[in-house]
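Accompanying notes for the structure given below.
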There are 2 protein chains.
Amino acid sequence: MPASRAKKAAAAPRKRDAAVTREAILKSARRAFAAHGYDGAGVREIAADAGVTAMLVNRYFGSKEGLFAEAVDDAMSGASVIRKDMSDLASLGDYLAAGVLETTDPDATPLDGSLMMVRTGGTTNPRVIEIGRKQIEKMHLKTLTAALKGDNAAERAALILSLIAGVQIMRQMIGLTPLAKTSPAALQKLLAPVIQQLVDGK
Amino acid sequence: MPASRAKKAAAAPRKRDAAVTREAILKSARRAFAAHGYDGAGVREIAADAGVTAMLVNRYFGSKEGLFAEAVDDAMSGASVIRKDMSDLASLGDYLAAGVLETTDPDATPLDGSLMMVRTGGTTNPRVIEIGRKQIEKMHLKTLTAALKGDNAAERAALILSLIAGVQIMRQMIGLTPLAKTSPAALQKLLAPVIQQLVDGK
DNA sequence: TTCGTATGTATACGGTCGTAGACATAGATC
DNA sequence: GATCTATGTCTACGACCGTATACATACGAA
């Protein structure tokens with residue numbers, strides 16, 4: 001058997017199924033963008049992880065920006081920081097605090113949109129930031145604002161999201177010691193009343 | 001007058017003063033890193049803004065990472081989110097809230113370290129994140145923790161920094177509508193009691 | 001005045017990036 | 001079974017990145 005014959009052995013040559021391939025790229029993109037941000041994730045890396053060539057990404061999504069837009073939409077609509085019955089305002093602080101402190105290993109979970117949300121700020125490309133901002137406002141901010149009672153609901157909701165984003169950045173991306181080393185349960189006890197204060201509006 | 005004679009006209013050919021040049025590069029680096037993050041800022045851009053060649057940056061600072069380390073140190077030690085008499089705990093929430101909502105135009109101000117702090121999370125390079133994390137812990141976290149009374153001072157301080165970072169990201173980098181469009185004074189009224197709650201430790 | 005050295009520049013190398021264009025082939029259609 | 005098209009790959013281009021090497025020159029000491 002001549003060596004030039006076997007392409008690389010191993011992996012089966014991939015079935016030609018557009019829907020399946022598209023979904024694989026999207027899933028790979030969600031993980032990559034969440035883990036490394038828009039600038040940090042390369043289309044070659046995303047494609048390889050999905051088992052395809054980089055050019056297929058562009059064929060399906062037009063460009064890296066197009067892929068990002070779909071990935072963010074997919075991640076945020078599939079599951080949100082805000083996903084329970086919002087009517088129970090009394091326990092919302094505790095619930096959201098628990099959600100923030102979930103480990104959310106980006107390589108394992110389907111990934112709720114919050115890490116993606118956070119990663120949006122990492123780039124400088126204005127169009128990319130715009131994509132992220134609009135999705136955050138449409139999915140998270142709108143839902144949370146609608147649930148809150150009292151004055152300045154939108155501003156309080158925005159502050160809640162800011163707090164969530166800040167904790168995630170400091171804990172998961174930067175690894176700030178008191179957040180990274182303390183148990184989620186202990187942190188939750190400290191974080192929950194702070195969020196609750198914003199929920200109640202003083 | 002032959003055209004080949006005048007290099008580019010305009011700018012004087014720069015005095016040869018190592019200290020001045022070094023400082024100019026550092027200042028330019030602070031602005032660039034704060035505005036575009038570590039990955040987003042290029043050494044050519046930083047050098048050009050300081051009026052020198054890219055290679056001078058490496059001559060003075062060894063590498064881009066070395067420059068970043070010095071820039072972060074410079075920005076955070078020069079002025080900090082924490083800069084007033086910390087003994088007045090009763091007004092600390094209001095004071096910090098006001099500080100966060102300062103416009104801090106990165107192209108104009110000497111730049112306190114908070115935007116730099118935030119931008120640190122934007123990269124994926126572990127050594128760069130480490131540089132930022134250590135500086136945050138040494139400058140901001142340590143000072144703030146020392147000022148707080150009661151249990152879990154370090155964790156509460158970390159949450160305060162997280163909230164500050166989150167608000168800055170959402171407001172200045174992402175431009176989340178309720179934060180970007182609302183007046184600083186109004187936001188301060190909402191934000192101050194939240195921070196104060198973490199200062200007081202419930 | 002001479003000359004050594006600190007200061008700054010010019011050029012280029014190897015690498016990665018996003019993506020354009022030409023080519024290959026599996027699988028449905030007749 | 002022949003053919004057509006969607007699906008996927010290969011190669012390469014141009015632009016940027018950080019930085020190493022080689023060169024030019026202003027300044028201070030002799």
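Excluded from the calculations below are hydrogen atoms, water molecules and symmetry mates; all remaining heavy atoms, backbone and side chain alike, are included.
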Where protein sits on nucleotides 13-19 of chain C, one letter per nucleotide: B base, S sugar-phosphate only, - none, heavy atoms under 4.0 Å: ----BBB

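- Atom pair B:R59:CZ and C:dA10:C1' shows a separation of 12 Å (rounding to whole Å applied).
- Atom CG in A:D17 sits about 10 Å away from atom P in C:dG27, given to the nearest Å.
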Criterion salt bridge (charged side-chain N to carboxylate O under 4.0 Å, His left out) on B:E137 and B:R133, from CA distance to verdict: CA-CA 6 Å; B:E137 293 181 355; B:R133 185 182 60 76; 3.0 Å; yes

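- With B:Y38 as the aromatic partner, B:K64 meets the cation-pi criteria of under 6.0 angstrom to the ring centre and within 45 degrees of the ring axis.
- One atom, CG of A:L56, and another, P of C:dC23, lie 18 Å apart when rounded to the nearest Å.
- Between A:T21 and D:dG8 there is a side-chain N or O to OP1 or OP2 distance below 4.0 Å.
- Between B:N125 and B:T123, the shortest heavy-atom contact is N-OG1, 3.2 Å.
- Straight-line distance from the CZ atom of A:R22 to the P atom of D:dA6: 16 Å, rounded to whole Å.
- The side chain of A:R16 has C:dA26 as its nearest neighbour among D:dT9, D:dT25, C:dA26.
- With sequence neighbours excluded, the residues forming a side chain to side chain donor-acceptor pair (under 3.5 Å) with A:D200 are A:Q196, listed by chain and number.
- With hydrogens and angles disregarded, no donor-acceptor distance shorter than 3.5 Å links the side chain of B:T53 to the backbone of B:L56.
- Closest non-hydrogen pair, B:I46 versus B:A41, comes out as CD1-CB, 4.3 Å.
- Side-chain atoms of A:R44 do not come within 3.5 Å of backbone N or O of A:A54 as any donor-acceptor pair.
- The two atoms that bring A:P184 and A:R171 nearest to each other are CG-NH1, 4.5 Å, heavy atoms only.
- Contact annotation: B:Y60 does not reach the phosphate of C:dT7 (side-chain N/O to OP1 or OP2, under 4.0 Å).
- Over its length, the helix from C:dT1-D:dA30 to C:dC30-D:dG1 turns its helix axis by 10°, as judged from the five terminal pairs at each end, rounded to 10°.
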